[in-house]
Colleague: 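Here it is, the structure, as structure tokens.
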There are 2 protein chains.
Amino acid sequence: MDFVASVVSGIATLTQTMEDGRRQMVGLLLPSDFVGRPGRDTAAYDVVATTDLVMCCFRRKPFEDLILTTPHVGQRLLEMTLDELDAAREGMLLLGRKTAREKIASLIAILARRDASLKQSSSVGRVVVDLPLTREAMSEYLGLTLETVSRQISALRKEGVIEIEGKRHIIIPDFDLLVEEAGDDSDGGFLV
Amino acid sequence: MDFVASVVSGIATLTQTMEDGRRQMVGLLLPSDFVGRPGRDTAAYDVVATTDLVMCCFRRKPFEDLILTTPHVGQRLLEMTLDELDAAREGMLLLGRKTAREKIASLIAILARRDASLKQSSSVGRVVVDLPLTREAMSEYLGLTLETVSRQISALRKEGVIEIEGKRHIIIPDFDLLVEEAGDDSDGGFLV
DNA sequence: CGTCAACTTGATGCTATTCAACTTTGGTGG
DNA sequence: CCACCAAAGTTGAATAGCATCAAGTTGACG
């Protein structure tokens, strides 16, 4: 990688792959997210667009110079990196300790919140989201198989936690209920 | 938290807890690691010393000023944060896709490498490590129960991948074999 | 020598995986 | 326009792997 970039529109995923093909998503790149690693020139992850994607790219060298000469850019980048670190650690809790059902509920809640913050709408009461990921991509994010993802989505639907139109369009009648199913603190103390 | 710190000697853990008590370790703080979050004043994690611990602490406000006035300090901090991010993502792969056996092998390999890099010895062939964690702490790191940790350590011992003296002293006759059991690339392409 | 925390081991149960068949959806060309 | 096809998703049955519950064992320390 000899450039860094910022996502303008669309969605991409950051994935790590083992020798035998097992895959784990380690980051979800949504609009406003930063991609790339100043100070290192090899990329340890696969970046894959899951929708049409527009990124704003910068050559890495000039960008690194910019950081050194403009303290505020460096500081902003540090802040964003710390946010990504928080997200990764949230992911560790999800992967290590949550049940399949909680994982699905968590993912839907994350996507709904990100979507709401982009549109500057609020995520309380009745909320609507379009899943930008296939069941397989969700399974890679959640450390599950795609069958388990499908089953748990069906279970949440049958119990009225979510409603589904088509395959990807989700209606959340009561966002707090979903958050409760996710096993998170009710306040949902979120950082981004 | 109104201070940040650097670990001088000893070992601490960074842990996240769910309402019902489930715990997931999200970071292992070894000598030279940085603790704290400039720019944010609430700590989302529990920091727990697992051995006698010496840390070098700084008040947060003056430290934040230092970052702004001294670009190189900020840049170094960004680098360290990016390394932590890599470690967290490595953790996501471990938690999401590795088997219990692979998780144990991975943890022992990580500890052996960190130990070797501190002592500036190399981690090839015959390697010796003292586990600085209880079985319970290991289970919190690996997203397992302590019983599973114990069983998998016994299994690795029975198969000759490791030898054990006492409860914590581990001898690794062939480090490459251990790395293979961990499911990582054979080159062990490591970043720290 | 008794006590306690750390650890080990066994038996059983449950959750998520695996393998397999089937359904739905959106796109393509006759 | 619709028949066909591939990709995505659903559902079922059987199984594997880890969790849970329950005894034990070991070793350090007073």
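Proteins come first, then strands; the chains are lettered A, B, ... in the order of their sequence lines, and each starts at number 1.
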Colleague: Which whole-number value in Å describes the distance from A/R97 CZ to D/dC18 C1'?
Modeller: 11 Å
Colleague: In a check of side-chain contact (heavy atoms from CB on, under 4.5 Å) between B/L28 and each of B/D33, B/L133, B/L14, which one passes?
Modeller: B/L133
Colleague: Could you check which of D/dT20, D/dG9, D/dT10 has an atom nearest any side-chain atom of A/T134?
Modeller: D/dG9
Colleague: Using whole Å, what does the distance between atom C1' of nucleotide D/dT10 and atom CE of A/M138 come to?
Modeller: 13 Å
Colleague: Once you round it to whole Å, what is the distance between C1' of D/dA16 and CD of B/Q152?
Modeller: 13 Å
Colleague: Within this structure, what is the CG-to-P distance between B/L142 and D/dG17, rounded to whole angstrom?
Modeller: 18 Å
Colleague: Nearest heavy atom decides the nucleotide; on that basis, is A/V149 or B/T148 closer to the 5' end of DNA chain D?
Modeller: A/V149
Colleague: Would you kindly compare A/R157 and B/L144 by the position of their nearest DNA chain D nucleotide and give the one closer to the 5′ end?
Modeller: A/R157
Colleague: Pair A/R89, B/E84 - check salt bridge (Lys or Arg N to Asp or Glu O under 4.0 Å), show working.
Modeller: CA-CA 10 Å; A/R89 286 173 169 169; B/E84 276 188 86; 2.8 Å; yes
Colleague: Base, sugar-phosphate, or nothing: which does B/R168 touch, judged by heavy atoms less than 4.0 Å apart?
Modeller: sugar-phosphate
Colleague: Could you check whether A/I153 gets within reach of a base, just the sugar-phosphate, or nothing at all, counting any heavy atom under 4.0 Å?
Modeller: nothing
Colleague: CG of A/D52: more than 12 outside heavy atoms within 6.0 angstrom?
Modeller: no
Colleague: So among B/I162, B/V161, B/D176, which one has a side-chain contact (heavy atoms from CB on, under 4.5 Å) with B/E181?
Modeller: B/V161
Colleague: Ion pair present between A/R59 and A/D65, side-chain N to carboxylate O less than 4.0 angstrom?
Modeller: no
Colleague: Starting at the 5' end of DNA chain C, which residue's closest nucleotide do you reach first, A/T99 or A/G166?
Modeller: A/T99
Colleague: Determine whether any donor atom in the side chain of A/R151 lies under 3.5 Å from an acceptor atom in the base of D/dG12, or the reverse, and answer yes or no.
Modeller: yes
Colleague: Can you confirm whether more than 12 heavy atoms, excluding those of A/E136, are under 6.0 Å from its CD atom?
Modeller: no
Colleague: Let me know the distance between CD of B/E147 and P of D/dG24, rounded to the nearest Å.
Modeller: 16 Å
Colleague: Can you measure B/K98 atom NZ to D/dA16 atom P for me and round it to whole angstrom units?
Modeller: 24 Å
Colleague: Could you tell me whether the phosphate oxygens of D/dA7, OP1 or OP2, come under 4.0 Å of any side-chain nitrogen or oxygen in A/R135?
Modeller: no
Colleague: If we only count heavy atoms from C-beta on, is the A/K103 to A/T148 side-chain gap below 4.5 Å?
Modeller: no
Colleague: Figure out the CD1/P separation between A/I104 and D/dG9, and round it to whole Å.
Modeller: 12 Å
Colleague: Whole-Å distance between D/dA6 C1' and A/K167 NZ?
Modeller: 13 Å
Colleague: Identify the 5'-most and 3'-most nucleotides of DNA chain C with at least one atom closer than 4.0 Å to a non-hydrogen atom of chain A.
Modeller: C/dA16 to C/dT25
